[in-house]
There are 2 protein chains.
Amino acid sequence: MDFKLHNTDDRSGARTGEITTDHGKIKTPIFMPVGTLGSVKGIHQHELKEDINAEIILGNTYHLYLRPGLDVLEQAGGLHKFNGWDRPILTDSGGFQVFSLAENRKLTEEGAMFRSHIDGSKHMFTPENVMDTQRSIGADIIMAFDECPPGTSSYEYAEKSLGLTQRWLERCVDRFDNTKGKYGYSQTLFPIVQGCVYKDLRIKAAEHAASLNRDGYAIGGLAVGEPTPDMYEMIEVVNQVLPENKPRYLMGVGTPINILEAISRGVDMFDCVMPTRNGRNGMIFTSEGTLNMRNLKWAKDFTPLDTNGTSYVDSFYSKAYVRHLIRSNELLGAQICSIHNLAFYLWLVREAREKIDEGTFSEWKKIMVEKLGRRL
Amino acid sequence: MDFKLHNTDDRSGARTGEITTDHGKIKTPIFMPVGTLGSVKGIHQHELKEDINAEIILGNTYHLYLRPGLDVLEQAGGLHKFNGWDRPILTDSGGFQVFSLAENRKLTEEGAMFRSHIDGSKHMFTPENVMDTQRSIGADIIMAFDECPPGTSSYEYAEKSLGLTQRWLERCVDRFDNTKGKYGYSQTLFPIVQGCVYKDLRIKAAEHAASLNRDGYAIGGLAVGEPTPDMYEMIEVVNQVLPENKPRYLMGVGTPINILEAISRGVDMFDCVMPTRNGRNGMIFTSEGTLNMRNLKWAKDFTPLDTNGTSYVDSFYSKAYVRHLIRSNELLGAQICSIHNLAFYLWLVREAREKIDEGTFSEWKKIMVEKLGRRL
């Protein structure tokens, strides 16, 4: 994996760049649609490419390990072959899911023992076998196995947890560097910087991660219950330490405003379930603010879903029709809002790139943040 | 509406023809995907057109009357404008739904009083207001309001019910002929032939319907619990009475085999929720038989979903991937199987048309019925 930094904004930490993987290039800043189980919920692969303009999608190690399982994925020739997505894929390591979804979790120095949320079966994730699992899944970018403590953790817990995450990270790096990709293309490992909302822990974590000299770095453990200003502060603290010439990925964040604020603090990559999850529930994000499609207000509004939207659903379907579908729990409503929201998120990062390259990012961001905060 | 009979099969009742409506032509025999609430579940309108090759879709009066309601539909300019489907639409009258979905149903000579299955609100359907409602929805083909008795009804009940249905039919015709379409294109009314599994009642019903000299006729009250041979017999009985130069629509039927058997008995139009409902549950119909996508058998079968399929999903997605999606309750699994099944049903009637025109329908049907009955 290679990263070229293109432009940096004079008045903020924002920057543009380009990641090159064996499955193609990714322009940054980028938003990555979440395909937990190897499918972005409600969206066909050709829609992701042709309508949403996704350049990279996510998969999740915890979910894919349980279903369909490594045996199936290996015989398929990896996740790209299995799901038909031939552009880059990033897999989360399962650390977050083991702590949020799995049952009877037991943490030791060795790893995390847990029971499947599907059938209660017992499993053990270790830094080593999570690297092996991600080799089998075959994502272009794989994540270190970490502990993700709650946003409200005490300093004592956060410090202890970070120690474990750092030792695990070293084991991940060791295992990753001593194994090879299984499908003939290269993979790369991103460390995850933890440390809750404690500046000194975040600095320590970022310095340790940077010392390992990887192709890119992730900031984890944010948007997990802490106040938003703390999140922004932690991003600033971490990005002051992480090397400038490597991409920085803020995990699981967030609203369109969060994304612009994080871009202005030097983040290059994002993922979040919000556009699809909120979309399925009838909430859509637009360049003029958010709309709750359930509202009576849209019952007889036959104008296009989003006149500023870039997706075909924005011009083809009306607000009134989408409201009807969402209220009636019709699958098509969830599909339309998911496509719209993902296309909007991709538009947002594309616009941000253009504005950074033009040198007008800060003015544009200020106007956008005001508009994005509106409820229409 | 106009119907031209093209070819009739020498060795069966099968025939080909073409219906012309103000929203375009429909080649018969035809299958009509069901879009109860104005959307075919899980399917975008452009997929219906471009991938499934649907020529006409259904809507349901009962559902559309309750949600979004006539006020919205009228202000939209009718259902075509509301949902963006510009090809023909047929609406069922709501008779079947009042008797299968609604609560606290009370039947009188005047009509059917019922409570909404959504919010318990009280409503009255009469032959007259159901005609008016379908004028407001604006379907090209609208259905008479009838009582649909269970397939296991006694002769006494069936006879009494048919009497009511016939009186209602005359009131429907009267109302329809004394009102006009609201959106500048023409609509037509199909009577529904009832009579349960009783030959003499079916003949009486068909003779009465035929005497009203409409553009087409429907056979209702089949596939509602009676044995399949009885269903086929009733189709034969009714089609011997109905005029040859008008299309015949068998309501709510059925499996691919049912459809071929009915075509061979002179039916021209079909609708059924089976391709979408079973598809959402992971059952797919193919020209070689049916597949339950949940089966372990497909776990590592990386061949295309259906090598004989006509839809892009058939070649793009593998059986193993679709199995994974269906088992994991991923929306995309339901979408893929629904598109596949509808494309298959449309392929089946298209093939039937070709074989009838070529004069090889009976041989082809025999081979197909054998294959369609297989479980793969």
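Order of the sequence lines fixes the chain letters, A, B, ..., with proteins taken first and strands second; residue numbering starts at 1 for each chain. Side chains are part of it too, since the values below use all heavy atoms of this structure and drop only hydrogens, waters and symmetry mates. None of the values given here were measured: they were computed from a predicted structure.
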Between A:His44 and B:Phe316, does the ring centroid distance fall short of 6.0 Å? no

Need one label for B:Val313: side chain, backbone, both or neither, based on atoms under 4.5 Å from any heavy atom in chain A. side chain

Inter-residue atom distance B:Leu332.CG - A:Leu37.CG, 0.5 Å rounding: 11.0 Å

Side chain, backbone, both or neither: which part of A:Ile339 has a non-hydrogen atom closer than 4.5 Å to chain B? side chain

Counting only non-hydrogen atoms closer than 4.5 Å, does B:Ser328 touch chain A with its backbone (N, CA, C, O), its side chain (CB onward), both, or neither? both

Answer with side chain, backbone, both or neither: which region of A:Leu66 has an atom nearer than 4.5 Å to a non-hydrogen atom of chain B? neither

Which bit of A:Leu325 comes within less than 4.5 Å of chain B, counting heavy atoms only: side chain, backbone, both or neither? side chain

Pick from B:Gly69, B:Ala76, B:Gly333: which one has the most heavy-atom pairs with chain A under 4.5 Å? B:Ala76

Please classify the contact between B:Ile118 and chain A as side chain, backbone, both or neither, with a heavy-atom cut-off of under 4.5 Å. neither

Is atom CZ of B:Arg294 surrounded by more than 12 heavy atoms (other residues, nucleotides or ligands) closer than 6.0 Å? yes

Nearest 0.5 Å please: distance from the CD atom of B:Glu47 over to the CD atom of A:Gln335. 7.0 Å

Which atoms form the tightest heavy-atom contact between B:Tyr321 and A:Gly38, and what is the distance? OH-O, 2.6 Å

Most contacts with chain A, counted as non-hydrogen pairs under 4.5 angstrom, among B:Arg327, B:Gln45, B:Lys41: B:Gln45

4.5 Å side-chain heavy-atom contact, A:Asp71 and B:Lys300: yes

Please check if the number of heavy atoms outside A:Lys122 that lie under 6.0 Å from its NZ is greater than 12. no

For the pair B:His324 and A:Phe82, evaluate side-chain contact (heavy atoms from CB on, under 4.5 Å) and give the outcome as yes or no after the intermediate values. CA-CA 10 Å; B:His324 164 62; A:Phe82 186 59; 3.6 Å; yes

Residues A:Leu331 and B:Gly42: closest non-hydrogen pair is CB-N, 3.7 Å

Please check if atom CZ in B:Phe96 has more than 12 non-hydrogen atoms from other residues, nucleotides or ligands closer than 6.0 Å. no

Of the backbone (N, CA, C, O) and the side chain (C-beta and beyond), which part of A:Gln75 lies under 4.5 Å from a heavy atom of chain B, both, or neither? both

Are B:Tyr312 and A:His46 close enough, and set up right, to give a side-chain contact (heavy atoms from CB on, under 4.5 Å), and what steps lead you there? CA-CA 10 Å; B:Tyr312 86 89; A:His46 74 91; 2.9 Å; yes

